[in-house]
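Here the structure comes first, spelled out in structure tokens, and everything after it is commentary.
Each chain gets a letter, A, B and so on, in the order the sequences are listed, and its residues count up from 1. Nothing here was measured: the structure is a model prediction, and the numbers come from that model.
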2 protein chains.
Amino acid sequence: MPYDPSAYPPFAVTVDLVVLTVRKHALCALAVRRGESPFQGRWALPGGFVAASEDLGSAAARELEEETGLRVGESAGSAAGVHLEQLATYGAPDRDPRMRVVSVAHLVLAPDLPAPVSGGDAQSARWAPVHTLLLEAGDELEPESDRDSDQLAFDHGQILADGVERARSKIEYSALATAFCTPEFTVGELRRVYEAVWGVALDPRNFHRKVTGTPGFLVPSGGTTTRQGGRPAQLFRAGGATVLNPPMLRPEI
Amino acid sequence: MPYDPSAYPPFAVTVDLVVLTVRKHALCALAVRRGESPFQGRWALPGGFVAASEDLGSAAARELEEETGLRVGESAGSAAGVHLEQLATYGAPDRDPRMRVVSVAHLVLAPDLPAPVSGGDAQSARWAPVHTLLLEAGDELEPESDRDSDQLAFDHGQILADGVERARSKIEYSALATAFCTPEFTVGELRRVYEAVWGVALDPRNFHRKVTGTPGFLVPSGGTTTRQGGRPAQLFRAGGATVLNPPMLRPEI
DNA sequence: CTGATTATCGTCATGCAGACGACTATGATC
DNA sequence: GATCATAGTCGTCTGCATGACGATAATCAG
């Protein structure tokens with residue numbers, strides 16, 4: 001591998017973000033409307049170019065804050081639980097018709113946010129249920145849907161699908177489902193996160209036994225709440241555990 | 001995100017390979033000796049630049065074949081079981097002192113190969129047990145070891161560590177351990193793969209029960225062999241299963 | 001033939017997970 | 001205020017997978 005500074009082909013490097021949250025019992029992703037060609041007017045994942053002296057993770061965090069106001073960090077800021085990790089890198093030669101772009105996709109898990117947030121450099125942004133963004137050609141579309149204008153630009157449909165699959169599998173064996181929750185949450189709220197991400201119904205009693213019996217997963221914060229109605233529920237915070245052993249089992253079928 | 005073709009910073013994109021195999025009861029990685037500065041004479045992971053119109057996975061497969069002769073592909077070529085997947089992307093601004101390089105690392109799992117292979121564009125290559133490549137500064141070194149010349153160049157030590165950890169966790173819940181085996185193998189040979197990758201001893205009887213009882217993991221090929229000594233062992237091929245449910249359990253401690 | 005080595009089958013106890021009953025504590029409704 | 005719906009929490013039972021380990025089978029090296 002002889003080194004010749006002029007011999008390597010030039011690439012542009014971007015970061016794209018799969019920002020997931022749970023809203024109204026549905027797993028939702030952040031999508032921004034493209035103001036530029038190509039794919040003008042279509043929805044896409046938020047993202048942007050990596051600066052010349054910027055780390056990949058820093059670029060992802062910067063884009064996230066620019067487009068959502070969310071800050072990453074363990075105990076920082078208002079939204080404490082935001083989680084960011086690298087997802088995968090997409091570099092098919094023709095994935096961007098303008099030039100050769102390699103995109104390092106990142107996955108963000110965030111608690112439910114009041115509004116899609118404004119003030120980004122995208123014309124508009126929204127939370128969309130992932131099942132509406134992931135409809136493949138040939139799938140059923142509701143009559144009132146936007147047809148293929150709901151399809152994501154570039155290869156962002158694939159990126160989103162990979163991110164969703166990563167999230168689905170990761171909450172099995174890690175405590176990351178708490179990243180979808182507010183700092184204090186109930187067992188029922190955590191269960192609804194699992195149900196939304198996996199798209200299944202879980203037995204409340206077995207779920208309660210499992211999560212409260214896993215050391216380090218949850219720590220009681222002392223208070224209770226009735227915000228879900230019914231009997232007051234104990235409030236918990238995320239414990240120090242990061243891996244769940246044995247894991248949460250995703251029901252078959 | 002206004003588009004200006006001249007505004008994006010130029011990057012070089014490379015692929016680096018973590019090629020793992022099991023030799024002599026030890027998990028080994030492929031390392032090549034660098035002939036160029038920086039890190040001249042040091043060991044590094046194989047890899048190279050991505051061509052202008054080349055997909056990332058294709059570049060990884062090309063580099064793999066150039067440096068080892070291995071061909072990726074399900075039923076192709078001589079070595080059938082070779083597995084290649086994207087690992088992660090490393091892009092710290094100062095990871096290469098020459099210029100801004102983003103490296104998309106890939107993980108390769110291969111059966112034991114007779115020789116480190118020659119004919120690559122690297123001066124020399126060898127299989128090294130991962131524990132010798134992953135010694136951190138401050139760890140014990142055997143007196144006869146090459147000291148820090150055994151440390152990998154660039155951030156390849158971190159990349160290798162990430163690849164090893166990926167392999168260790170992936171054989172838990174997938175059938176990928178068979179990628180370390182020849183096309184036909186015995187239960188004992190598969191068990192020795194797990195033992196080498198995890199660095200633990202497994203009970204032969206429970207292991208046998210587990211792998212032969214998991215549908216689709218192994219299919220008998222009909223023959224037997226005594227190449228491991230002792231009683232003849234039944235030969236198997238990898239079945240169609242890709243995920244193991246329930247997974248293989250890695251012993252604690 | 002004897003022993004070493006490896007493969008394979010079986011048994012038993014433990015523990016977790018799924019299915020589900022029962023009870024508790026709140027707000028909503030009449 | 002009584003009743004109902006809702007959600008949370010505690011228990012029980014059963015099946016199954018696993019860990020620990022005994023026992024037997026089939027080869028090779030002396």
Side-chain angles (χ1 to χ4, degrees), chain A residues 24-25 171-173 181-182 184-196 198 200-236 241 243-253, chain B residues 24-25 171-173 181-182 184-196 198 200-236 241 243-253:
Chain A
K24 312 256 187 182
H25 284 220
I171 64 173
E172 286 189 61
Y173 57 88
C181 297
T182 51
E184 291 197 332
F185 53 90
T186 70
V187 172
E189 288 163 354
L190 183 63
R191 175 170 48 83
R192 279 180 277 278
V193 164
Y194 275 92
E195 291 178 330
W198 285 345
V200 298
L202 299 175
D203 184 281
R205 298 156 293 189
N206 293 336
F207 183 87
H208 188 279
R209 177 183 60 191
K210 171 68 177 175
V211 297
T212 57
T214 300
F217 194 4
L218 304 181
V219 291
S221 71
T224 61
T225 183
T226 62
R227 61 186 173 219
Q228 300 290 340
R231 168 176 166 179
Q234 202 176 355
L235 284 169
F236 294 89
V243 294
L244 304 182
N245 204 325
M248 296 288 304
L249 290 184
R250 174 159 33 163
E252 320 274 336
I253 310 171
Chain B
K24 312 255 189 182
H25 282 222
I171 64 174
E172 285 188 62
Y173 58 88
C181 298
T182 52
E184 291 197 331
F185 55 90
T186 71
V187 173
E189 289 164 353
L190 183 63
R191 175 170 49 83
R192 278 179 277 278
V193 164
Y194 275 93
E195 291 178 331
W198 284 346
V200 298
L202 300 175
D203 184 281
R205 298 155 293 190
N206 292 337
F207 183 86
H208 188 279
R209 178 183 60 191
K210 171 67 178 176
V211 297
T212 58
T214 300
F217 194 3
L218 303 181
V219 291
S221 71
T224 61
T225 183
T226 62
R227 62 187 174 216
Q228 300 289 340
R231 169 176 166 178
Q234 203 176 353
L235 283 169
F236 294 89
V243 294
L244 303 182
N245 206 324
M248 296 286 306
L249 290 183
R250 175 161 29 165
E252 319 274 336
I253 309 171

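The backbone N or O of B:L202 sits less than 3.5 Å from a side-chain atom of B:E195, completing a donor-acceptor pair.
Considering all non-hydrogen atoms of both residues, A:R227 and A:T186 come closest at NH2-N, 4.3 Å. The shortest heavy-atom contact between A:S221 and A:E184 is OG-OE2, 3.0 Å. The two residues B:I171 and B:L244 make their nearest non-hydrogen contact at O-CD1, 4.4 Å.
For B:R205 and D:dG22, a side-chain-to-base donor-acceptor distance below 3.5 Å is present, hydrogens and geometry of angles not being considered. Between the side chain of A:R231 and the base of D:dA7, no donor-acceptor pair under 3.5 Å is found.
Qualifying side chain to side chain contact (heavy atoms under 4.5 Å, CB included) partners for B:P220, counting only residues two or more places apart in sequence or in other chains: B:Q234, B:F236.
With distances taken from any side-chain atom of B:N206 to the nucleotides D:dA26, C:dA7, D:dC21, the minimum falls on D:dC21. Residue A:P246 places its side chain closer to C:dC16 than to any other of D:dG8, D:dT9, C:dC16.
Atom CG of A:L202 and atom C1' of C:dC20 are 16 Å apart (whole Å). Put simply, CG on A:L249 is 13 Å from C1' on C:dG15, counting in whole angstrom units. If you measure from atom CZ of B:F185 to atom P of C:dA7, you get 13 Å, rounded to the nearest angstrom. Per the geometry, CZ belonging to A:R250 stands 16 Å off P belonging to C:dA17, to the nearest Å. Atom CG of A:L218 and atom P of D:dG8 are 14 Å apart (whole Å). One can place CG of B:L244 at 10 Å from P of D:dT18, the figure rounded to the nearest angstrom. For the pair A:N245 CG and C:dG15 P, the computed distance is 16 Å after rounding to whole Å. One atom, CD of B:E252, and another, C1' of D:dA20, lie 16 Å apart when rounded to the nearest Å.
For the pair A:Q228 and A:D203, nearest-nucleotide mapping onto DNA chain D gives the more 5' position to A:Q228. Place A:R209 and A:L235 on DNA chain D by their nearest nucleotides, and A:L235 ends up nearer the 5' end.
Between B:K210 and D:dA17 there is no side-chain N or O to OP1 or OP2 distance below 4.0 Å. Listed pair A:H208 / D:dT9 meets the phosphate criterion, a side-chain N or O lying under 4.0 Å from OP1 or OP2.
Residue B:R191 is classed as a sugar-phosphate contact, given heavy-atom separations below 4.0 Å to backbone atoms only.
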